[in-house]
S.K.: 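Mind looking over this structure? Questions follow.
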Amino acid sequence: MSHLLEIQDLKVTFGGLDALSGLNFHVDEGEIVSVIGPNGAGKTTFFNTISGLVEPAEGDILFEGESVLGLDPHQVTDLGIARTFQNVRLFPNMTILENVMVSQHCRTSQLVFGALFQTKAFKQEEREIRKRAEEVLGFFGSRLIGYRMEQPAFALSYANRRRLEIARAMATQPRLLLLDEPVAGMNPMETAELTGLIGQLRTEWGFTIVMIEHDMKVVRDVSDRVVVLDHGVPIAQGSYDEVSTNPDVIEAYLGRPVEAGA
Amino acid sequence: MTAVTAPRAVTPALLDQDWRSVGKWGGLCGLAIVLVSLIGMPVGLDSRTLVEGRLSLGYLALVWLPVVFGYVVSKRVVLEGVETPDPGLRDVVAGLCCGIVAGLGPALLILGLDNWNLRKPLVNWSPKLLELLTYDRGIGYGVAAWIITCAVLAALGSMLHVVPASVRRFVSYAVMGALLLSVLESAIVDLSEGFGLESLTDAIYAKRGGLTVTSTIILGVVIGGLSLLTKGRVKSATNRYRQMEGAERQRTSIVLFIVVAAVCVVLPMFLGTIMNELLANVGLFLLLALGLNIVVGLAGILDLGYVAFFAVGGYTTAVLTSSQSPWFHPEWHFGIVLLAVVVMAAITGLVIGAPVIRMRGDYLAIVTLGFGEIIRLLFLSDWLKPYFGGAQGITNVPPVDFGFALVKGTDPRSVFYLVLAFCALAIYVSWRLQASRLGRAWMAIREDEQVAEAMGINTVNTKLMAFVVGAILASFSGAILAAKVGSIFPNSFMILVSIIILVVVIVGGMGNIVGVLVGSVVLIGVLGGPRQPGLLQEFQSFKLLIYGALLVFMMLKRPEGLVPSARRSQELHQEEYLQDAWLKGEDHDQEEAEAQAEAVAHAPAGVEGEGDPS
Ligand SMILES: Nc1ncnc2c1ncn2[C@@H]1O[C@H](COP(=O)(O)OP(=O)(O)OP(=O)(O)O)[C@@H](O)[C@H]1O
Ligand SMILES: [Mg+2]
């Protein structure tokens, strides 16, 4: 059986700098895989490459056995890969509800005609979009629903913005969810809560998850497997315990002058 | 604590001023007065009387400056947590000093006018200006008069901070109301004639134009009094409307809609030709602005060549209906032609849109600017002259015959009704699309195109659709223009049209239907369109200057437009701390809720505060 996501010899260069090179790994349906590594290791670049924002120099990315290279970002999302952004990028002037509604775009189809004549199909679809939006927002308890749904996204607290990012990705109805540092900037309580929710994303929503995270506690608690990148090169793969005791990994994180990590 | 604040509570010495700021604002005000004089406003506008024998539009163009600058100079920046002394006499002194400095501007100008002749580079450096500035009573009188006038007016302006809020409200409404009544004289006279109330306006307005002095005072007091009575009512009414739910809200909305529709339909019957013509022009530009609002306001595509679609609509109509069309003249009926107009606009939208839509921001703006000009030049060219008549255009576009009514340019009322129908259509389209899957996708693209794409939106197709919908609305406007004017020339489609529509959308409030409506009424109705005169016909030659100044002012001070959507005004004026509430502690959810409730309560304030001269 083929893997859900398969990365083959991936190499990405930015004007001579190898942001990623020789990356090989795969993710199976239902797994939670964490990608870790020091700053500038190429983790976000890896996500950008999968979601079609960056073109790789070499290698291939297969999703359900089909290459996603050369597809536009919206086509990748259409196939079932959704992501969040490390530097939270919501649609700030749209309401929370609209943020989640708009990301169902590729799962819906009504255009001008339906909207102007308020056809049955249009109203039905709007109802479904709204229902799904509320469902997704409800995943985070009472934090994003109620009166807040009509608030603009810029008015949210930082932690809630992160939650909304995840909700927005969930609303695209993906099979594979890419989370870029989901708990960055959250306090320990919020982090613990979100860690639990990430587990639920797999068990209750059936998403397969690839997560970039610096918080080792979160990585330990949720991931089946961990991939460690350093300077764009994968230096270790395996369970958390294997990886965290790997001397190469410890060196990558600690054994180097700080400025070399940039 | 008390030991530190105690000395601050004492009223500071009158002359303990921030002289730098007084000098700066005074100097700026003086410069502004000189500038306004030299561009010819006082002389050009002197013939229009506002208050009989006392105030002409020309003087008004000068004297409002010290009032506003006086107000500004004594305005305090209120910092949270820092105690500011109550406004007092000291602020009036600041205004007074600012006014004296400002008065030096016109004073020096008078001396200059008297001693040198700079007529060559400065066209308006004329004896007429000198006469006007000195009130025709000699140099000394003029210099003294201006310094004193400026000082007094600036002091009055700064006094607005000192007097109680109700007095401030009374005064500003009284002054604004009286000015509005005198400025809108022609419209009001026309309207009252329609209702057979000439005696009323005869009493208010002097024979040779302008309010009489007594009526100015009476009307000012009445309006000021009314403003005190209605204080807060408007706000609470809109709040109540906002809070209504379900069936009640629907009922109120229907009633409101019927009232507005009835006014729009009935009012023109009582208006004369000139006013109807003006309304028809406002409608034509409103239609354009609504279309551009979809493109710029919703989808965030800065299209500077929007006039191209206006031209396509006009030419399609002219070619298909006119008997004088040089090449192809089927002389179809307007109704059928509209279908052709839609098709042509959509095709042009796609042809122009497809190559430019992938560009970002500035590049797109420049390229569309080029396309807009190319379309006009094509219609003007010798090459296409056999088809579109070149510079002579196409004449003899017939009036629109609906069987039960004839819409022709000589009967502006009929044109207005036609325009009204199309504007209603455009408003409906904007409203429905805004709250649809497509509208949300447009907004997402406006917010962050890359993320929108990553969230599954095909940005190229979606943006093209905005382009086409905008194009179709503009082409309707062009079609009506052709039928209204009865002919079509390339010169009606200058780049200026694109710019002015864009200003209307920005000044009114981007992405907001009501804003666009208010924007077109205020700008096109009062100032006038590129060629069409507005209520203030005297401003014809200064129109572009005012448009420009207004645009700069709005961008700096009120980027959300005259009528902001509640959401946008929050965004642009909200304290940053909301975002970082999480830093303050565990229980930030609570704080956030409170802060947001407060933000909602403040949001409608922007609309209500229109009358304030701030
Ligand atoms: N668009 C780009 N153009 C040029 N260089 C880039 C670009 N994007 C990333 N890089 C470089 O590629 C390297 C990897 O960056 P990336 O953002 O993937 O790191 P990261 O592992 O996500 O780091 P962090 O933990 O700080 O998020 C860095 O050296 C970065 O400067
Ligand atoms: Mg990163």
Side-chain angles (χ1 to χ4, degrees), chain A residues 48 51-53 72-78 82-83 85 89-95 98-99 101-112 114-118 122 125-126 129 142-143 147-148 150-161 168-169 171-172 174 185-187 189-190, chain B residues 300 425 428-429 431-462 465-466 468-469 472 511 565-568 570-572 574 576 578-586 588-589 591-593 595-597 599-600:
Chain A
N48 286 345
S51 52
L53 296 170
D72 286 338
H74 71 91
Q75 291 169 316
V76 175
T77 312
D78 203 15
R83 68 171 294 180
F85 292 86
R89 287 170 79 177
L90 294 168
F91 303 121
N93 296 314
M94 296 172 72
T95 64
E98 281 171 344
N99 262 280
M101 285 169 90
V102 78
S103 67
Q104 298 173 45
H105 193 88
C106 61
R107 305 281 172 241
T108 45
S109 59
Q110 287 290 324
L111 287 174
V112 179
L116 292 190
F117 296 95
Q118 298 283 304
F122 174 81
E125 192 182 277
E126 283 290 298
I129 292 176
S142 61
R143 289 206 154 86
Y147 76 99
R148 275 215 183 123
E150 303 299 330
Q151 296 287 315
F154 67 79
L156 283 178
S157 72
Y158 192 76
N160 275 342
R161 289 184 201 190
R168 192 177 61 176
T172 63
M186 288 194 180
N187 67 29
M189 246 173 58
E190 293 164 336
Chain B
L425 177 76
Y428 178 81
V429 169
W431 173 57
R432 282 302 191 195
L433 287 183
Q434 216 166 352
S436 77
R437 168 176 176 265
L438 198 58
R440 287 189 296 266
W442 286 337
M443 282 191 267
I445 291 171
R446 176 190 70 195
E447 300 286 298
D448 190 330
E449 195 172 336
Q450 204 179 30
V451 176
E453 170 109 37
M455 287 299 136
I457 296 169
N458 184 339
T459 49
V460 172
N461 288 356
T462 311
M465 239 174 277
V468 170
V469 172
I472 290 173
S565 52
R567 230 190 273 168
R568 253 181 89 67
Q570 275 187 48
E571 171 219 358
L572 292 160
Q574 209 178 24
E576 303 272 353
L578 262 186
Q579 303 170 9
D580 301 319
W582 64 279
L583 275 174
K584 290 186 182 165
E586 307 283 62
H588 63 259
D589 276 357
E591 271 172 50
E592 195 185 331
Q596 289 196 351
V600 173

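Throughout, a chain's letter reflects where its sequence line sits, starting with A, and its residues are numbered from 1. Hydrogens, waters and symmetry mates play no part in the numbers below; they use all other heavy atoms, side chains included.
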S.K.: Could you have a look at A:Q75, A:R83, A:M101 and say which one has the most heavy-atom pairs with chain B under 4.5 angstrom?
M.R.: A:M101
S.K.: At a 4.5 Å cut-off on heavy atoms, which part of B:A435 comes close to chain A: side chain, backbone, both, or neither?
M.R.: backbone
S.K.: Relative to chain B, which segment of A:V76 carries a heavy atom at a distance below 4.5 Å: side chain, backbone, both, or neither?
M.R.: neither
S.K.: Could you tell me the separation between the OG1 atom of B:T459 and the NE2 atom of A:H105, rounded to the nearest 0.5 Å?
M.R.: 9.5 Å
S.K.: To the nearest 0.5 Å, tell me how far A:T77 OG1 sits from B:N458 CG.
M.R.: 11.0 Å
S.K.: Using a cut-off of under 4.5 Å on heavy-atom pairs, state which of A:L53, A:I129, A:T108, A:D72 scores highest against chain B.
M.R.: A:T108
S.K.: Who among B:I457, B:V469, B:V429, B:L433 has the most heavy-atom pairs with chain A under 4.5 Å?
M.R.: B:I457
S.K.: Considering only heavy atoms, which portion of A:E125 lies under 4.5 Å from any heavy atom of chain B: side chain, backbone, both, or neither?
M.R.: side chain
S.K.: Can any side-chain N or O of B:E447 pair as donor or acceptor with the backbone N or O of A:N93 at less than 3.5 Å?
M.R.: yes
S.K.: To the nearest 0.5 Å, how far apart are CG in A:N99 and CZ in B:R440?
M.R.: 11.5 Å
S.K.: A:L116 and B:Y428: which non-hydrogen atoms are nearest, and at how many Å?
M.R.: O-OH, 2.7 Å
S.K.: Nearest heavy-atom pair of A:A115 and B:S436: which atoms, and what distance?
M.R.: CB-CB, 3.7 Å
S.K.: Could you work out, with side chain to side chain contact (heavy atoms under 4.5 Å, CB included) as the rule, every residue matching B:V468, not counting sequence neighbours?
M.R.: B:A346, B:L350, B:I472
S.K.: Do B:R437 side-chain atoms and A:L111 backbone N/O form a donor-acceptor pair below 3.5 Å?
M.R.: no
S.K.: Select, from A:D78, A:L90, A:V112, the one with the greatest count of heavy-atom pairs under 4.5 Å involving chain B.
M.R.: A:V112
S.K.: Show the nearest heavy-atom pair for residues B:D448 and A:F91, with the distance to one decimal.
M.R.: O-CE2, 3.8 Å
S.K.: Under a 4.5 Å heavy-atom cut-off, does chain B meet the side chain of A:Q118, its backbone, both or neither?
M.R.: side chain
S.K.: Mind running side-chain contact (heavy atoms from CB on, under 4.5 Å) on A:H74 and B:N461 for me, showing each step along the way?
M.R.: CA-CA 11 Å; A:H74 71 91; B:N461 288 356; over 6 Å; no
